[in-house]
Amino acid sequence: MLEAARKAGVGLSAACGGRGVCGECGVRVLSGHLVPPDDAEVAGLVRAPEGVRLACRARVTAPAVLRPVMVAARSVSRSEYGGEGADLVAGVDLGTTSVAAVLIEEGSGRERGRASVANRQQSYGADVVSRIAAALDGGAQELRGLAEESVCDALLSAARAAAVPLSNVRRVVIAGNTVMASLLIGADVTSLAAYPFTPPDLDSELPIDSAVRSLLAEGVRVTLLPPMAGFIGGDALAAVVSGGLTDLSHSRLLVDLGTNAEILLSGNGTLSGASTAAGSAFEGVGLFCGGPAVDGAVERVVIDEAGSVELTVIGGGDARWLSGAGLISAVAELVRIGAVNHQGAFVEGGPLGRRMTILGQGVAGVCLGERETGIVISQLDIRALQLAKAAVRVGVEAVVSASGIPAARIDEVLVAGAFGKALWPEDLLNLGVLPTNFRGRVRQVGNAALDGAAAIALDPDVLDNARATARELRHIDLATTSGFGVALIAATALEPFSV
C-alpha cells in the first residue's frame with residue numbers, strides 16, 4: 001500500500017523508510033480486504049490504534065479502499081496588505097519534514113501570504129540518511145519528482161493564501177539543507193553517504209525542465225542557495241542572512257532546531273558552525289501522538305501540582321496531537337513536577353500517577369487528556385527528545401568552544417525552527433537544550449531559513465554578502481571531535497548545564 005500511495009501522490013509518513021518498524025504509515029480499511037499481517041507488521045502495530053494496518057507491510061490482492069490515519073496537514077496564513085496585481089518574489093524553505101513558502105511584494109517588501117506543507121518524500125524516511133539511501137538504491141528520480149512537487153505545493157498554497165496568481169512572481173529563491181537541495185536538482189548524493197560528506201555543486205538555477213518552473217511565468221529566475229559546508233546547507237546560509245550573522249563584528253549564536261540542526265556563531269571577524277542529526281522529534285514526527293505545528297496541534301502544556309493539565313492548542317478547539325514545541329513543553333513540565341527524572345524515565349506515583357499507562361510491549365506512557373481520547377506521551381517519545389537535545393547541546397558546546405568567544409560575550413541567542421513563536425526559552429534552558437549562561441538573551445525567530453530566502457529574493461545583492469560570510473566559515477566536524485560519543489551520552493540528561 002505504501003508503494004501505491006507513493007504512485008498516487010498520497011503523503012503517507014514513513015519515518016523508517018518503509019521497513020515496518022516506526023508504525024507511522026497507518027491506514028484504515030474502509031472496504032475490501034488485505035492480506036493478513038505478517039509477524040513484522042504485527043510487531044510494528046504494537047503502538048498503533050486498533051484497526052490500523054501499516055501501509056508499508058499491508059499487501060493487496062483485490063480491490064480495497066483505505067484512508068490514512070492522519071493526512072499530511074498544511075498551515076496557511078494571509079497578510080492584510082498589498083494590491084492584487086503587484087509584482088511578487090518568493091522564498092522557499094525545502095526542509096526534510098515540511099516545505100514552506102512565502103510571497104512578498106517586490107516594491108513594498110510587504111508579506112502577502114505564506115504556507116507550509118508536508119514534504120512528499122516522507123514516505124522514504126524521516127531523515128536525510130534514509131533519503132540518501134533511497135536515492136542510491138535507485139529512487140533518485142522519484143525523490144527529485146517528490147521534492148519538486150512539494151515545492152509546487154508550498155508555492156500554490158502561499159498563492160492561495162495571498163489570493164494572487166503565481167504568474168505575478170518574478171523571482172524565487174529556494175533554501176534547503178544539503179541533501180534536500182541535492183535531490184531537488186537530481187545531483188548525485190554519493191559523496192554525502194560517506195565521510196568527509198562533500199556536497200555536490202549546488203550553486204545554480206533550477207533546470208529548465210523543472211516542474212517548479214512550469215508553475216511560473218517564462219523567464220522567472222529560480223535560484224537554489226548553495227551549502228556552506230558538508231551538511232550546513234543553503235537553509236543555514238539563508239538563516240545567517242535573516243539572523244544578521246553576516247555582521248561578523250557582533251556575537252550572535254543561531255540555533256536552528258530541526259531534523260538536521262545547525263548551530264552558527266558569529267563574532268571576532270569569523271563565523272563558526274556545525275550541523276548535527278537531531279532527528280525528527282523537534283518537528284513532531286515519529287511521536288506516539290505527534291504531528292505538524294498546524295491547527296489542532298498542542299504547542300504548550302501546563303501541569304499544576306495537583307496534576308491538572310492545561311493544553312494550549314493551535315487554532316483552538318480539540319487537541320489532536322503534539323507539535324515539537326508541545327513535546328518540549330510537556331517534558332519540561334513532567335520533569336519540573338517530578339513525573340520524569342533527569343535520566344528521562346517516568347516516576348511512578350506523584351500527581352500524575354492516575355494518568356500513567358502501559359502502551360504495549362511494556363512501553364510506559366502518560367495521558368495528558370482523557371484516558372480514552374487524550375494526548376499520550378510515551379517513554380520512547382522522551383527518549384527521542386533526549387537524543388535530539390543531546391545532539392544540539394554537544395553542537396552548541398563545540399561551536400562556542402571552537403570560536404574562542406566566551407559565553408558572556410555572546411550578545412544574543414536566536415532560536416529558529418518550525419515552532420514559530422511557541423517555544424518558551426525557559427523550557428530549553430531547564431531541559432539542557434541551551435546553556436543557562438544564555439538566560440535573558442534567547443529570542444525566537446521562527447523560520448529563519450524562509451525569511452532569509454525571501455530577503456535574498458527581494459535583493460539578490462544580499463547573496464553576494466552572504467557568500468562572502470560563508471567563505472569565513474570555520475566548519476566544526478562533530479563526528480571527528482575527540483570525546484564526541486561520550487559527550488553525546490552525557491548530554492541526554494534532562495537538566496540544566498552551562499558553558
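Residues: numbered from 1 along the sequence shown. These numbers were taken from a predicted model, which means no experiment stands behind them. We use all heavy atoms of the structure for the numbers below, so side chains are in, but hydrogens, waters and symmetry mates are not.
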Any pair with a residue in residues 324-337 that passes side chain to side chain donor-acceptor pair (under 3.5 Å), sequence neighbours left out, goes on the list, sorted by first then second residue, please. R300-S329, E305-R336, E333-R336

Is the shortest side-chain heavy-atom distance between V309 and V301 below 4.5 Å? yes

All side-chain hydrogen bond (donor to acceptor under 3.5 Å, both in side chains) counterparts of T97, not counting sequence neighbours: T259

Under 3.5 Å: donor-acceptor pair, side chain of R59, backbone of L34: no

Summary of side chain to side chain donor-acceptor pair (under 3.5 Å) pairs that have at least one residue in residues 490-499, sequence neighbours excluded: none

Please name the pair of heavy atoms, one in G233 and one in T178, separated by the smallest distance, quoted to 0.1 Å. CA-OG1, 3.4 Å

Please name all residues satisfying side-chain contact (heavy atoms from CB on, under 4.5 Å) with A140, sequence neighbours left out, ordered by chain then number. A135

Say you draw a straight line from CG of L385 to NZ of K389; how long is it, rounded to the nearest 0.5 Å? 8.5 Å

Under 3.5 Å: donor-acceptor pair, side chain of S378, backbone of L380: yes

Quick one: side-chain hydrogen bond (donor to acceptor under 3.5 Å, both in side chains) partners of D411, sequence neighbours excluded? none

Rounded to the nearest 0.5 Å, how far apart are CG of L287 and CG of D381? 4.5 Å

Do T96 and N177 have a side chain donor and acceptor closer than 3.5 Å? yes

Could I get the full list of side-chain hydrogen bond (donor to acceptor under 3.5 Å, both in side chains) partners for D93, not counting sequence neighbours? N447

Between I132 and V129, does the side chain to side chain contact (heavy atoms under 4.5 Å, CB included) criterion hold? Intermediate values first, please. CA-CA 5 Å; I132 291 172; V129 175; 5.7 Å; no

Taking S280 for the side chain and V285 for the main chain, is one N or O donor matched with an acceptor at less than 3.5 Å? yes

Heavy-atom distance under 4.5 Å between the side chains of S123 and L2, does that happen here? yes

Under 3.5 Å, is there a donor-acceptor pair linking the side chains of E262 and N260? yes

Check whether any side-chain heavy atom of L423 sits under 4.5 Å from a side-chain heavy atom of L257, and report yes or no. yes

Heavy atoms of V499 and A407 approach each other most closely as CG2-CB, 3.7 Å

Keeping R355 on the side-chain end and C367 on the backbone end, is there a donor-acceptor pair under 3.5 Å? yes

Minimal non-hydrogen separation, F346 against M356, with atom names: CD2-CE, 3.9 Å

Are the side chain of E148 and the backbone N or O of L143 linked by a donor-acceptor pair below 3.5 Å? no

What residues form a salt bridge (charged side-chain N to carboxylate O under 4.0 Å, His left out) with R393, not counting sequence neighbours? E397

Over all atoms of both residues, closest heavy-atom pair of A274 and L478: CB-CG, 4.0 Å

Taking atom CG of D153 and atom CD of E149, what is their separation to the nearest 0.5 Å? 7.0 Å

The side-chain contact (heavy atoms from CB on, under 4.5 Å) partners of A402 (sequence neighbours excluded) come to I476

Of all heavy-atom pairs between A416 and L254, which one has the smallest distance, and what is that distance? CB-CD1, 4.1 Å

Working to the nearest 0.5 angstrom, can you tell me the gap between I232 CD1 and L264 CG? 5.5 Å

Answer yes or no: is there a donor N or O on one side and an acceptor on the other, between the side chain of S157 and the main chain of A154, under 3.5 Å? no

How about F438 and L253: do any of their side-chain heavy atoms sit closer than 4.5 Å? yes

Does H342 use its side chain to pair, donor to acceptor, with the backbone of A493 at less than 3.5 Å? no

Drop me the distance from L184's CG to Q121's CD, to the nearest 0.5 angstrom. 8.5 Å

Less than 4.5 Å apart, side chain to side chain, heavy atoms only: is that true for R252 and I410? no

State, to 0.1 Å, how close D235 and A449 come at their nearest heavy-atom pair, and which atoms those are. O-CB, 3.5 Å

Sub-3.5 Å donor-acceptor pair from the side chain of S323 to the main-chain atoms of V298, do we have one? yes

Qualifying residues under side-chain hydrogen bond (donor to acceptor under 3.5 Å, both in side chains), relative to E412, sequence neighbours excluded: R443

For F197, all residues meeting ring pair (Phe, Tyr, Trp, His ring centres under 6.0 Å), sequence neighbours excluded: Y195, F231

Answer yes or no: is there a side-chain heavy-atom contact under 4.5 Å between V340 and L494? yes

Should T190 and L136 count as side-chain neighbours, where that means a heavy-atom distance under 4.5 Å? yes

Evaluate L352 against L334 for side chain to side chain contact (heavy atoms under 4.5 Å, CB included), listing each step before the verdict. CA-CA 9 Å; L352 294 186; L334 291 171; 3.3 Å; yes

Does the pair L359 and F288 meet the rule for a side chain to side chain contact (heavy atoms under 4.5 Å, CB included), with working shown? CA-CA 10 Å; L359 303 173; F288 188 79; 4.1 Å; yes

Within the side chain of Q386, is there an N or O that forms a donor-acceptor pair under 3.5 Å with the backbone of Q343? yes

Quick one: are V394 and F484 in side-chain contact, heavy atoms under 4.5 Å? yes

I'd like to check the salt bridge (charged side-chain N to carboxylate O under 4.0 Å, His left out) partners of D38; sequence neighbours left out, ordered by chain and number. R57

Among residues at least two apart in sequence or on other chains, which ones pass side-chain contact (heavy atoms from CB on, under 4.5 Å) with S401? none

Working note: N119 + M180, criterion side chain to side chain contact (heavy atoms under 4.5 Å, CB included); need CA distance, chi angles, decisive distance, verdict. CA-CA 10 Å; N119 187 325; M180 292 302 103; 3.7 Å; yes

Could you tell me whether the side chain of N430 and the main chain of E426 form a donor-acceptor pair under 3.5 Å? yes

Can you tell me how far CG of L368 sits from CD1 of I377, rounded to the nearest 0.5 angstrom? 4.5 Å

